[in-house]
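This report refers to the structure that appears directly beneath it.
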4 protein chains.
Amino acid sequence: MTAVHRRSEQARQAILQAAFDICQQKGYAGLTIEGVASRAGVGKQTIYRWWSSKGTVVLDAFLDALGPTIDVPPAGDHLADLRRSLHSTADLLSHPRYGPMLADLVGALQHDEALAADFQQRVYEPIRRQTTERVERACAAGVIRHIDANLAADLLFGPLWFRALLMRQPPSTDYVDEVIDALLRGLAGSTPGAGGRE
Amino acid sequence: MTAVHRRSEQARQAILQAAFDICQQKGYAGLTIEGVASRAGVGKQTIYRWWSSKGTVVLDAFLDALGPTIDVPPAGDHLADLRRSLHSTADLLSHPRYGPMLADLVGALQHDEALAADFQQRVYEPIRRQTTERVERACAAGVIRHIDANLAADLLFGPLWFRALLMRQPPSTDYVDEVIDALLRGLAGSTPGAGGRE
Amino acid sequence: MTAVHRRSEQARQAILQAAFDICQQKGYAGLTIEGVASRAGVGKQTIYRWWSSKGTVVLDAFLDALGPTIDVPPAGDHLADLRRSLHSTADLLSHPRYGPMLADLVGALQHDEALAADFQQRVYEPIRRQTTERVERACAAGVIRHIDANLAADLLFGPLWFRALLMRQPPSTDYVDEVIDALLRGLAGSTPGAGGRE
Amino acid sequence: MTAVHRRSEQARQAILQAAFDICQQKGYAGLTIEGVASRAGVGKQTIYRWWSSKGTVVLDAFLDALGPTIDVPPAGDHLADLRRSLHSTADLLSHPRYGPMLADLVGALQHDEALAADFQQRVYEPIRRQTTERVERACAAGVIRHIDANLAADLLFGPLWFRALLMRQPPSTDYVDEVIDALLRGLAGSTPGAGGRE
DNA sequence: AGCTAAGCGAGACGGTACGTCACGTCTTACA
DNA sequence: TGTAAGACGTGACGTACCGTCTCGCTTAGCT
């Protein structure tokens, strides 16, 4: 009744490890299925059997290696938790090895719907959920003004990814703090009533 | 002294047009030099003679088609000018045809240093410069609080790109206004002195 | 003492039937072990356990289906028996389904020593033996001139296979008779002593 | 108007040479397009561009190497010319290197219509034509009895190919002479009127 | 007006990787 | 222990493009 000769865990790990290594060394574009198969000592078919594209392999490899580090446990102070989440993301983006890999992965997302959905579900949603919860708690505690939690998450994480992907200058620790402080303070100046709407 | 047979303007335009069309129809990944050459009725060599990679062709094609629309002329009110810049970017990212193409292009940036530099110089810098100037003028006018202009630009544009690239939900017009309003207002809540730094 | 689970006759027949069917439909080259296993509803291993190569499977399938028809029972008249043997072979080679299959099989022989030996022993030798015996009896009866029986067999069957394999025009019934008649008559012309030896 | 950068003669020869060498060393079945490309220092596409299958490559390689030897110039005596043609074919079939290769090629013919047609036209027809002409001249000269030239050709060459392909015992020089002598003499015995027709 | 050097279209070339197919071996669960 | 099922490492398939090259043409500017 059940499947027989089940999937080889050894092959799975060898493949993910090889993919991760190659992606670090030669970048996402330099990673080929043949290369992964060869380095993992595995047949190409074994890769195609379980993954639909090189993007999904890399995503799996990424999560297998870094998944645990993405989650930032809470420490009580809502605002501080948020700040630590941002630092964690900034650190990842700034990491000499994982940063470019992650950026590459996001790049690949742009022309691969399936990969994008996978990334959304497995990487982005968890972070998002954690963030919005913390924003909501901070709102409830009166630490930050009432605001749509998703919008707040965009305001917090947007600048980090922006620098990493568009300007290709991964965000430093100080930069994260500057972003948060500026956000808390707000941009509004002394001239009352200004809003610029036309 | 001068070249005997100058570059064919006709070939150049045919190539950029073909590249633009293919990129829209099949995405950046589906665009090949052979495909462009074939559609443009041009020899491959003619492409390789004048462009160093497919990324630069696409970038040129993009700028040739959309360059003018990127620039947003000022209208006097500094804050309104900024707002219109953001709307312009949001509209581009939300455009059914150009949005995905632009996202693809930014995706390709992540593993192509030369393309990244080119993009930086020809697309990003002009927008950046315009933005920071307006921020500075708005600061000087007291419309917005004193802030590093680059940081402000990140805060403004970051969320837009974030939604487009990471969440793959291009920013709507309303969303842009929500971002600006929230930024002006600031996140800080009623509880005084909170900052969350550890 | 005895095996606990003896070879499954059902599987054996399903395999040979599947092999025969596939070979007819897609030719020897289009027959694969996987295809046979799949059509027979059998594990590949079951095939590999009992046959050493696809050639041997096909040979078995061929003999299983056509073996009986190869043997041509004698009817008394030695020459007529020979003639009927030739007709039988010609009919097989001309059969719209089995002819090409047999030709394919002989084709495969050319690069498969084991298969060649098997074919030799199981297909060719029986026919050969039958033929040489009939030739010898015909000699003894004075119906045909004294001649090495193997040579005579070659002279009789050679032209048939030649047309089938080299010219790819399977021998017709009439052709067989023309061959026999010409052989009986001999080629020698009226000019005496001619032999052409150098 | 004409094609530009015409086919590389150097590549063509390297490919045919490589194919010939591999076919001798590893047999027709052991020859792969990849192997030929690799040994010839050539891209696979270059082979696929000019040949439709591995059979046609091998056929070309065969003709390139042995074509000239197939033709047997006449020496005046019609019967002797025929005898020399047979010896030539027998020698080829018996050659330790070319014999198996030729047999393999004929084997491949059995499941490749295009190759069969090519072989027919380029290998078989020339020999056939030569043979039938000589038979006709020998008839006219009265050296051999009047007979359909095609039938005579089958009677002459059939036994040789039969031994090579079916019995896998390439015909020796003596065997050729035995065949010819027996054919000239005829099989008919002393018993008059025998024919065996039913 | 003729010469000549560049740009041009075409497309062959040696390569790399693609995604698929079948090989023959293996492991597992069932009968 | 034989079997159906099917995963595994291997290697070839035929295709798509890569970036380089060579060819024969067209054309512009200089003698």
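Atom set for the values below is all heavy atoms of this structure, side chains included, hydrogens, waters and symmetry mates excluded. Order of the sequence lines fixes the chain letters, A, B, ..., with proteins taken first and strands second; residue numbering starts at 1 for each chain.
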Think [X] has a side-chain N or O under 4.0 angstrom from the OP1 or OP2 of [N]?
{"X": "D:W50", "N": "E:dG11", "value": "no"}
{"X": "B:R6", "N": "F:dG29", "value": "yes"}
{"X": "D:T46", "N": "E:dG14", "value": "yes"}
{"X": "A:T32", "N": "E:dT16", "value": "no"}

Considering only E:dC18, E:dA10, E:dA12, which nucleotide approaches the side chain of A:K44 most closely?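 For A:K44, the side-chain atoms sit closest to E:dC18.
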
Nucleotide of F:dG14, E:dC18, E:dA12 approaching A:Y48 most closely (side-chain heavy atoms):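 Minimum distance to the A:Y48 side chain belongs to E:dC18.
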
Residue mapping more 5' on DNA chain F - nearest nucleotide basis, D:K54 or B:I33: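 Its nucleotide being nearer the 5' end, the pick is D:K54.
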
I want to confirm an ordering. Mapping C:E34 and B:L31 to their closest nucleotides on DNA chain F, which one lands closer to the 5' end?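 Whichever sits nearer the 5' end wins; that is C:E34.
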
Is there a donor and acceptor pair, one atom on the side chain of A:Q45 and one on the base of E:dC21, closer than 3.5 Å?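 Side chain to base: pair present.
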
May I have the distance from A:R39 (atom CZ) to F:dT10 (atom C1'), rounded to whole angstrom?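 Rounding to the nearest Å, CZ of A:R39 and C1' of F:dT10 are 20 Å apart.
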
Round to the nearest Å and state the distance from B:W51 atom CH2 to F:dC18 atom P.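 The answer, rounded to whole Å, is 15 Å.
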
Parallel, tilted or perpendicular, as decided by the 30° and 60° cut-offs, for the rings of C:Y28 and D:H111: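 Aromatic pair D:H111/C:Y28 classed parallel.
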
Would you say the side-chain atoms of B:Q110 pair up with the backbone N or O of A:L165, donor to acceptor, closer than 3.5 Å?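 Yes, because the side chain of B:Q110 sits within donor-acceptor range (under 3.5 Å) of the backbone of A:L165.
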
A:G41 near the nucleic acid: base, sugar-phosphate alone, or nothing, with a heavy-atom cut-off under 4.0 Å?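 Sugar-phosphate contact only - A:G41 comes under 4.0 Å of backbone atoms but never of a base.
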
With heavy atoms under 4.0 Å as the rule, sort C:R7 into base, sugar-phosphate or nothing.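 It contacts sugar-phosphate atoms only.
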
Select from A:G30 and D:R12 the residue whose nearest nucleotide in DNA chain E is closer to the 5' end of that strand.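 Going by which nucleotide is closer to the 5' end, it is D:R12.
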
Sorted by number, the residues of residues 15-25 of chain C with heavy-atom contact under 4.0 Å to DNA chain F: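 Those residues: none at all.
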
Just wondering, more than 12 heavy atoms not from A:Q13 lying within 6.0 Å of its CD?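 More than 12 within 6.0 Å, yes.
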
More than 12 heavy atoms from other groups under 6.0 Å of CZ on D:R97: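 Atom CZ in D:R97 is not packed in, count stays at 12 or less.
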
If you take all heavy atoms of C:F20 and C:A65, which pair is closest and at what distance?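 Closest approach of C:F20 to C:A65, heavy atoms only: CE1-CB, 3.6 Å.
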
